[in-house]
Amino acid sequence: MRILSVNVGRPRTLEWIGRGITTAIFKEPVAGPVLLDGTNLAGDQQADLRVHGGPDKAVYAYASEHYAYWEAELPPGALTGPAAFGENLTTAGLLERDVRIGDEFTMGTAVLRAAQPRQPCYKLNLRFNDPEMVSRFVAAGRSGIYFQVLRPGVLQAGDAIELSRRSPYAVTIQDVTDLYYGVLQSPAAVQELLSIPYLPASVRRHFTAG
């Protein structure tokens with residue numbers, strides 16, 4: 001497993017369907033070592049901290065393996081290279097079906113813990129100038145992975161991604177996505193998910209609401 005690209009961006013305001021939208025989904029690859037603190041890569045910010053960023057969404061990784069699928073699904077030129085989905089890390093070998101909630105990874109000198117999949121918001125529509133992009137993304141089941149930072153450090157493109165501690169809980173990122181959107185309907189799997197002590201509160205609320 002390896003980091004192919006480290007991507008950062010700051011909020012900007014764009015016109016979308018007749019109104020100004022502030023977003024940091026447009027990110028660009030950066031060369032050389034990048035400092036990762038407890039919640040952000042150097043040079044990266046989020047526009048709306050109510051739903052983006054913070055300790056449970058400090059770093060967003062997206063697998064390069066998914067790009068071939070999107071090349072076939074989207075119009076020519078829709079993918080502009082690494083960070084097309086607003087990811088901080090474009091990776092190789094780090095797939096949702098293989099990563100458990102709570103798996104810990106060493107990347108450069110930092111240690112990150114897999115926390116949750118992405119549930120996309122309307123700003124993905126803006127990014128691709130496609131009002132159906134969120135629906136496409138959900139249907140594809142290729143969520144990407146949000147990480148918590150357990151140890152700040154420095155990372156860069158080319159760094160290995162090493163599994164340093166396997167979670168004792170067997171629930172994968174893909175399982176959470178499938179449960180969240182009803183692809184998998186299993187009360188037992190939900191209870192197993194809820195037994196994970198470091199499950200982010202926002203995910204826990206989704207499965208306990210009502």
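For clarity, every value in this text was computed on a predicted model and none was experimentally measured.
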Flag yes if more than 12 heavy atoms outside Gln185 fall under 6.0 Å of its CD atom; otherwise flag no.
-> no

Is it true that a side-chain atom of Asn7 and a backbone atom of Glu87 form a donor plus acceptor pair closer than 3.5 Å?
-> yes

Is there a donor-acceptor pair under 3.5 Å between the side chain of Arg205 and the backbone N or O of Val203?
-> no

Pair Ser195, Glu192: side-chain N/O donor-acceptor within cut-off below 3.5 Å | no

Report yes or no: does Asn129 contribute a side-chain atom to a donor-acceptor pair with the main-chain N or O of Leu126 at less than 3.5 Å?
-> no

Just checking, any donor-acceptor pair under 3.5 angstrom between side chains of Asp56 and Ser202?
-> no

Side-chain (Arg204) to main-chain (Ile196) donor-acceptor, under 3.5 angstrom | yes

Taking Asn40 for its side chain and Ala42 for its backbone only, find out whether a donor-acceptor pair lies under 3.5 Å.
-> no

Are Leu124 and Ile21 connected, step by step, through hydrophobic side chains (Ile, Leu, Val, Met, Phe, Trp, Tyr) whose heavy atoms are closer than 4.5 Å?
-> yes

Can you say whether the rings of Tyr146 and Tyr60 are parallel (under 30°), tilted (30 to 60°) or perpendicular (over 60°)?
-> tilted

Should the pair Phe128 and Phe85 be assigned to parallel (<30°), tilted (30 to 60°) or perpendicular (>60°) ring geometry?
-> tilted

Would you say the side-chain atoms of Thr22 pair up with the backbone N or O of Arg12, donor to acceptor, closer than 3.5 Å?
-> no

Are side-chain N/O atoms of His66 and Glu96 paired as donor and acceptor at under 3.5 Å?
-> yes

Kindly indicate whether a cation-pi arrangement holds for Arg100 with Tyr169, taking the cut-offs as under 6.0 Å to the six-membered ring centre and within 45° of the axis.
-> no

Residues passing the side-chain contact (heavy atoms from CB on, under 4.5 Å) test with Tyr181, sequence neighbours excluded, are Gln119, Pro120, Val138, Thr177

Does any N or O in the side chain of Tyr198 come within less than 3.5 Å of the main-chain N or O of Arg113, such that one atom is a donor and the other an acceptor?
-> no

Out of curiosity, does Leu41 fall in the hydrophobic cluster containing Val111 (side-chain heavy atoms, cut-off under 4.5 Å, transitive links)?
-> no

Ser64 and Thr90: side chain donor to acceptor below 3.5 Å | no

Sorted by chain and residue number, the side chain to side chain donor-acceptor pair (under 3.5 Å) partners of Tyr180 (sequence neighbours excluded) come out as none

Minimum side-chain heavy-atom gap Asp130-Asn125 below 4.5 Å = no

Can you check whether Gly9's main-chain N or O pairs, donor with acceptor, with Asp44's side chain at less than 3.5 Å?
-> yes

Single hit among Leu14, Thr80, Thr23 for side chain to side chain contact (heavy atoms under 4.5 Å, CB included) with Arg127 | Thr80

